[in-house]
Amino acid sequence: MTHPFDTHLARVAQAGEHAVWTPADGALPALFLSHGAPPLFETPDWMEQLFTWARSMPRPKAVLIVSAHWEEAPLAISSAQAAVTPVYDFGGFDPMYYRMRYDTPEAHDLAGRVLKTLSGEHIHETGRGLDHGAWVPLKVMYPEADIPVIQLSLPTGDPASLLELGAKLRRLREEGVLVIGSGFTTHGLPFLTRENMTGQAAAPGWSVQFDAWAREALKRGDVDELAAYRAKAPGMPYAHPTVEHFTPLFVTLGASSDPEAKRDFTIDGFWMGLSKGSFTAA
């Protein structure tokens, strides 16, 4: 039986050439994406949504991604070497997923640009590979693995500080760098039932309520409301018993040209009861 990811790769091969970003295209957007885990590779419609999203914009010169799965302060960046072994920071899945690679090219130029852009910050350069919040969605969006990628740690959960961090990254978008905040619009894993996880039950009320609240706040461009999610969002704390999967959203908003612009989800719906809400922030 053909694995769904192999079918996805066959579809990618038929998609044709993807035009590379040039300065004439203007600044690339920033993205917030709900990133999934190895089961993403078994979900054809979600893979199609992510790949179509990637193809809706020019092919970036490089990618800078902040993931929920690397919380570290002071700021740190991943290895700029080529073909660094990814971080298999998940458990209980088919052994094939622990053999998957995402062998991107060296990213020394990008690392230098990030360090220059964040001059004044103390940044630790590491030998760390990309974690699954980075390499899993990127392997679906850009499976050729021919784009330099650097991962930046998530240094805090404070929305205001993350908005400021995103604002410092904004100029990279004008150089053809795709800035991504990678998390999950809802991530209440401890509160999912077996029926949720096998697709035999509707998404839990707390997940549906938080998803609707976040969508409406984004539609209004209400950054203050989003920043007050702990107190104001319905479904808390079930939707986010820990907050690291929501806070990358503020890096994305900060990196956008106007954090308070009105926007909607580019990808929506639910997966195993969790909101896939993902958006573009130009």
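No experiment lies behind these values; they were computed from the predicted model shown.
- Not counting sequence neighbours, the partners of Arg215 by the salt bridge (charged side-chain N to carboxylate O under 4.0 Å, His left out) test are Asp264, Asp268.
- At most 12 non-hydrogen atoms from other residues, nucleotides or ligands lie less than 6.0 angstrom from OH of Tyr238.
- Heavy-atom minimum distance, Thr252 versus Ile180: OG1-C, 4.3 Å.
- His132 and His35 have their aromatic ring centers within a separation under 6.0 angstrom.
- Between the His18 side chain and the Met57 main chain, a donor and an acceptor come within less than 3.5 Å of each other.
- For Ser119 (side chain) and Lys116 (main-chain N/O), a donor-acceptor pair under 3.5 Å exists by modelled atom type.
- Among the candidates Phe270, Phe246, Phe184, the single residue satisfying the ring pair (Phe, Tyr, Trp, His ring centres under 6.0 Å) test with Phe210 is Phe246.
- A donor-acceptor contact shorter than 3.5 Å links the side chain of Ser182 to the backbone of Gly133.
- Here the closest non-hydrogen pair linking Thr126 and Ala76 is CG2-CB, 4.0 Å.
- In this structure a side-chain-to-backbone donor-acceptor pair under 3.5 Å is missing from Lys276 to Thr185.
- In terms of the side chain to side chain donor-acceptor pair (under 3.5 Å) criterion, residue partners of Ser275 (sequence neighbours excluded) are, by chain and number, Asp211.
- Residue Arg11 places its CZ atom among more than 12 non-hydrogen atoms of other residues, nucleotides or ligands, all under 6.0 Å distant.
- A side-chain donor from one of Glu42 and Tyr97 sits under 3.5 Å from a side-chain acceptor of the other.
- Taking Asp146 as the reference, Arg59 meet the salt bridge (charged side-chain N to carboxylate O under 4.0 Å, His left out) condition, with sequence neighbours excluded.
- The backbone N or O of Ser34 lies less than 3.5 Å from a partner atom in the side chain of Ser278, making a donor-acceptor pair.
- Residues forming a side chain to side chain donor-acceptor pair (under 3.5 Å) with Thr117 (at least two apart in sequence, or on another chain): none.
- Counting heavy atoms from C-beta outward, Val136 and Phe41 have side chains that approach closer than 4.5 Å.
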Checklist entry - Passes side chain to side chain contact (heavy atoms under 4.5 Å, CB included), Leu189 versus Leu274? Steps please. => result CA-CA 8 Å; Leu189 292 178; Leu274 302 177; 3.7 Å; yes
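- Side-chain N or O atoms of Ser67 include one that pairs as donor or acceptor with a backbone N or O of His69 at under 3.5 Å.
- A donor and an acceptor atom, one from each side chain of His3 and His8, are nowhere located under 3.5 Å apart.
- Note on ring orientation: taking the six-membered ring where Trp is involved, the planes of Trp135 and Phe90 are tilted (angle from 30° to 60°).
- Residues passing the salt bridge (charged side-chain N to carboxylate O under 4.0 Å, His left out) test with Glu225, sequence neighbours excluded: Lys232.
- Residue pairs that meet the ring-ring contact (aromatic ring centres under 6.0 Å, His included) test with at least one member in residues 99-123, sequence neighbours left out, do not exist here.
- Between the side chain of Ser207 and the backbone N or O of Gly273, at least one donor-acceptor pair lies under 3.5 Å.
- Across all their heavy atoms, Glu72 and Ser153 have their closest contact at O-OG, 2.9 Å.
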Next on the checklist: Applying side chain to side chain contact (heavy atoms under 4.5 Å, CB included) to Phe93 and Tyr88, what does each step give before you reach the verdict?
Outcome noted: CA-CA 10 Å; Phe93 296 107; Tyr88 301 106; over 6 Å; no
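- A donor-acceptor contact shorter than 3.5 Å links the side chain of Trp21 to the backbone of Gly26.
- Looking at Thr266 and Thr280, their side chains do bring a donor and an acceptor atom within 3.5 Å of each other.
- The closest donor-acceptor contact from the side chain of Arg173 to the backbone of Val179 lies at 3.5 Å or more, if one exists at all.
- Between the side chain of Thr104 and the backbone N or O of Ala145 there is no donor-acceptor pair closer than 3.5 Å.
- In plain terms, the two heavy atoms of Phe250 and Leu226 that are nearest each other are CZ-O, 3.4 Å.
- Contact detail for Pro143 and Leu9: the closest heavy-atom pair is CB-CD2, 3.6 Å.
- Nearest heavy atom pair, residue Val149 against residue Leu138, reads CG1-CD1, 3.9 Å.
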